[in-house]
Amino acid sequence: MLKPEEVTSAIKAEIQKYEKKLKMESVGYVLQVGDGIARVYGLEEAMASELVEFADGTAGIAFNLETNNVGVVILGSDANIKEGSLVRRTEKIVQVPAGRALLGRIVNPLGLPLDSKGPIATKSFRPVEFVPPNVLKRQPVKEPLQTGIKAIDSMIPIGRGQRELIIGDRQTGKTAIAIDTIVNQKGQEVYCIYVAIGQKLSSVVQLAKTLEAEGAMDYTTIVVASSEDPAPLQYLAPYAGCAMGEEYLYTGKHALLIYDDLSKHAQAYRQLSLLLQRPPGREAYPGDVFYLHSRLLERAAKLRDDSGGGSLTALPVIETQAGDIASYIPTNVISITDGQIYLEGDLFYAGVRPAINVGLSVSRVGGNAQTKAMKQVAGMLRLSLAQHRELAAFAQLSTDLDKATKDQLTHGDRMVEILKQNILSPLPLAKQVLIIFAGINHYLDDIKLELVKKFEVELIDFIEKKHTAIEHEIQSQKVLTEQNEKRLREAIEAFKKEFVARHAG
């Protein structure tokens with residue numbers, strides 16, 4: 001039996017514990033909704049790019065702060081959002097999870113998993129918009145980022161912290177270069193983030209399978225905003241990927257970011273801007289479409305050693321229409337990046353793969369990061385290939401050519417042949433140096449064109465088995481010494497004699 005005193009004392013104790021807590025919430029109401037855009041009344045204190053939450057749990061970003069309403073872009077389906085629905089402020093700028101927990105995962109631009117491997121266990125979050133490091137915190141690009149692709153590492157080298165544009169028409173091998181570069185980072189302590197913007201889901205699945213098969217998913221994160229996702233998610237994807245990469249940059253590590261592709265990103269932004277009734281400019285893109293990409297790509301950098309020495313390398317991809325690199329978005333991105341790799345349809349269909357147009361491709365800073373060994377053998381390669389191309393076009397019109405011109409054409413043809421490379425077969429630095437050295441020093445000029453590929457494979461195999469020291473020295477010292485060059489010449493000559501004897505007649 002309870003005594004009345006016990007009851008009253010228990011109630012008193014509870015009353016003393018009770019505190020009144022007033023919670024203020026800033027809320028608004030949907031005025032109109034449609035096409036992934038909601039006009040919201042009442043969010044007077046919202047910040048630009050603040051995350052807001054609709055009554056059904058869908059997220060949105062406060063995009064347009066106008067006098068009497070806020071234009072919110074909806075990050076998901078607007079099917080359950082109705083006129084009059086409640087909208088809450090979260091008082092947070094959009095942020096995504098970051099860190100090693102994302103390695104091997106496929107996520108959407110909000111960092112939510114798409115791969116049924118369970119939730120992402122990380123306490124680390126980064127804002128999707130972040131101020132790039134200033135001039136004083138950066139240092140020049142001076143360390144190579146090897147792609148494993150002979151044509152790129154020899155003529156258009158990429159350094160850690162660089163932004164190198166991959167540009168070309170559709171189906172010319174742009175994504176293939178990106179995949180090869182990711183695969184070649186195995187064991188290099190470079191974390192890769194591949195951002196798929198507006199691509200078919202089937203393509204993304206295929207890409208993930210390829211990386212998985214090559215063992216590259218261990219150090220890679222894939223961020224997906226597919227073609228079926230709403231424009232706001234496609235707009236957000238590259239910034240989300242960049243935020244994930246910055247986690248490595250600011251902790252003294254190295255990251256590689258691939259934005260595939262920024263043409264679709266610009267189109268998604270155009271769609272958002274027009275729906276929010278921002279004034280259109282050239283080709284109906286809004287006036288700040290340049291800033292859209294510059295604020296993304298400026299976040300790639302090589303930090304000074306006293307700031308940790310981390311690096312973030314960006315490889316944006318742009319798709320051109322009928323080879324028109326002088327149109328609006330391509331010229332914008334070319335002017336922001338430190339060089340471009342231009343892939344040409346005609347070369348691709350002629351069987352030159354990777355289909356790199358040497359005349360129009362350039363690396364503005366990568367040369368500083370190129371290893372000495374590669375500089376020694378490939379110094380004049382770009383120029384001689386560009387000349388060969390001009391000469392080949394001229395030779396088609398003329399029948400009688402002098403011996404010097406014929407020799408130059410023969411040499412050029414062999415060089416084009418050795419720079420061809422199948423996808424998913426990246427080569428380490430030493431092997432690239434060996435074959436380019438053989439080509440540039442005219443060892444291949446009298447080999448039949450159809451045997452050049454065979455010569456390359458067998459030569460590398462021969463040196464690997466019988467002259468291991470040569471390859472090992474180039475790989476470890478990154479320079480071709482006079483003594484090593486002499487040994488290399490002797491090895492090539494010995495192999496060539498045997499090769500020619502085998503294929504004589």
I'd like to know if [X] and [Y] make a salt bridge, using a cut-off of under 4.0 Å between side-chain N and carboxylate O.
{"X": "Glu129", "Y": "Arg295", "value": "yes"}
{"X": "Glu456", "Y": "Lys453", "value": "yes"}
{"X": "Arg502", "Y": "Glu498", "value": "yes"}

Does the pair Ser327 and Gln321 meet the rule for a side-chain hydrogen bond (donor to acceptor under 3.5 Å, both in side chains), with working shown?
CA-CA 9 Å; Ser327 66; Gln321 306 293 325; over 6 Å; no
Mind checking whether Tyr248 and Tyr219 have ring centres under 6.0 Å apart?
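Ring centroids of Tyr248 and Tyr219 are no less than 6.0 Å from each other.
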Trace of the side chain to side chain contact (heavy atoms under 4.5 Å, CB included) decision for Ile423 with Arg353:
CA-CA 9 Å; Ile423 56 169; Arg353 297 174 193 178; over 6 Å; no
State, without any angle test, whether [X] and [Y] hold a side-chain donor-acceptor pair at a distance under 3.5 Å.
{"X": "Thr410", "Y": "Asp445", "value": "no"}
{"X": "His411", "Y": "His388", "value": "no"}
{"X": "Tyr239", "Y": "Arg299", "value": "no"}

How would you list, by chain and number, every residue that makes a side-chain contact (heavy atoms from CB on, under 4.5 Å) with [X], sequence neighbours excluded?
{"X": "Thr251", "value": "Lys253"}
{"X": "Asp446", "value": "Lys496"}
{"X": "Ala386", "value": "none"}
{"X": "Leu249", "value": "Glu246, Leu303, Leu312"}

Look up atom [atom1] in [X] and atom [atom2] in [Y], then write down how far apart they are to the nearest 0.5 Å.
{"X": "Ser154", "Y": "Leu385", "atom1": "OG", "atom2": "CG", "value": "8.0 Å"}
{"X": "Leu381", "Y": "Ile418", "atom1": "CG", "atom2": "CD1", "value": "7.5 Å"}
{"X": "Arg138", "Y": "Lys302", "atom1": "CZ", "atom2": "NZ", "value": "12.5 Å"}
{"X": "Arg105", "Y": "Leu112", "atom1": "CZ", "atom2": "CG", "value": "11.0 Å"}
{"X": "Ser202", "Y": "Leu207", "atom1": "OG", "atom2": "CG", "value": "11.5 Å"}
{"X": "Leu419", "Y": "Met155", "atom1": "CG", "atom2": "CE", "value": "5.0 Å"}

Minimal non-hydrogen separation, [X] against [Y], with atom names:
{"X": "Pro426", "Y": "Leu424", "value": "CD-C, 3.3 Å"}
{"X": "Tyr235", "Y": "Ala268", "value": "N-CB, 4.2 Å"}
{"X": "Pro97", "Y": "Leu102", "value": "O-CD1, 3.1 Å"}
{"X": "Ile167", "Y": "Pro330", "value": "CD1-CB, 3.8 Å"}

Flag, side chain of [X] to backbone of [Y], donor-acceptor distance under 3.5 Å:
{"X": "Gln432", "Y": "Ile436", "answer": "no"}
{"X": "Thr313", "Y": "Gly161", "answer": "yes"}
{"X": "His503", "Y": "Phe499", "answer": "yes"}
{"X": "Thr122", "Y": "Ala101", "answer": "no"}
{"X": "Lys150", "Y": "Leu427", "answer": "no"}
{"X": "Asn357", "Y": "Leu360", "answer": "yes"}
{"X": "Ser263", "Y": "Glu319", "answer": "yes"}
{"X": "Asp115", "Y": "Ile106", "answer": "yes"}

Among His254, Arg100, Gln185, whose side-chain hydrogen bond (donor to acceptor under 3.5 Å, both in side chains) with Tyr191 holds?
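When His254, Arg100, Gln185 are each tested with Tyr191, the side-chain hydrogen bond (donor to acceptor under 3.5 Å, both in side chains) holds only for Arg100.
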Among Asp153, Thr181, Asp180, which one satisfies side-chain hydrogen bond (donor to acceptor under 3.5 Å, both in side chains) with Thr147?
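That would be Asp153; it is the only one of Asp153, Thr181, Asp180 passing the side-chain hydrogen bond (donor to acceptor under 3.5 Å, both in side chains) with Thr147.
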Tell me, which pairs form a side-chain hydrogen bond (donor to acceptor under 3.5 Å, both in side chains) where one or both residues lie in [range], sequence neighbours left out?
{"range": "residues 159-170", "result": "Glu143-Arg160, Gln162-Glu164, Gln162-Ser363, Arg163-Glu298, Arg163-Asp338, Asp169-Thr320"}
{"range": "residues 477-489", "result": "Asn441-Arg489, Tyr443-Arg489, Glu473-Thr481, Glu485-Arg489"}
{"range": "residues 366-384", "result": "none"}

Heavy-atom side-chain contact between [X] and [Y] under 4.5 Å:
{"X": "Val317", "Y": "Thr175", "result": "no"}
{"X": "Ile474", "Y": "Leu480", "result": "yes"}
{"X": "Thr331", "Y": "Ile325", "result": "no"}
{"X": "Val289", "Y": "Arg270", "result": "no"}
{"X": "Ile492", "Y": "Leu488", "result": "yes"}
{"X": "Leu449", "Y": "Arg414", "result": "yes"}
{"X": "Ile329", "Y": "Leu262", "result": "no"}
{"X": "Thr337", "Y": "Pro316", "result": "yes"}

Quick one: which residue pairs count as a salt bridge (charged side-chain N to carboxylate O under 4.0 Å, His left out) with a foot in residues 384-398, not counting sequence neighbours?
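Of all non-adjacent pairs touching residues 384-398, those that pass salt bridge (charged side-chain N to carboxylate O under 4.0 Å, His left out) are Glu344-Arg389.
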Check step by step if side chain to side chain contact (heavy atoms under 4.5 Å, CB included) holds for Val128 and Gln95.
CA-CA 5 Å; Val128 292; Gln95 54 180 18; 5.9 Å; no
Which residues share a side-chain hydrogen bond (donor to acceptor under 3.5 Å, both in side chains) with Lys117, sequence neighbours left out
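For Lys117, no residue satisfies side-chain hydrogen bond (donor to acceptor under 3.5 Å, both in side chains) once neighbours in sequence are set aside.
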What pairs with Glu214 under side-chain hydrogen bond (donor to acceptor under 3.5 Å, both in side chains), at least two apart in sequence or on another chain?
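Per chain and number, Glu214 pairs via side-chain hydrogen bond (donor to acceptor under 3.5 Å, both in side chains) with no residue.
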According to the interplanar angle, ranging from 0 to 90°, do the rings of Phe455 and Phe495 count as parallel (below 30°), tilted (30 to 60°) or perpendicular (above 60°)?
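Perpendicular: the ring planes of Phe455 and Phe495 meet at over 60°.
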Test of understanding: with salt bridge (Lys or Arg N to Asp or Glu O under 4.0 Å), list the residues that count as partners of Glu464, not counting sequence neighbours.
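Partners of Glu464 by the salt bridge (Lys or Arg N to Asp or Glu O under 4.0 Å) criterion, ordered by chain and then number, come out as Lys431.
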Taking salt bridge (Lys or Arg N to Asp or Glu O under 4.0 Å) as the test, write out the residues that go with Asp260, two or more places apart.
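Applying salt bridge (Lys or Arg N to Asp or Glu O under 4.0 Å) to Asp260 gives none.
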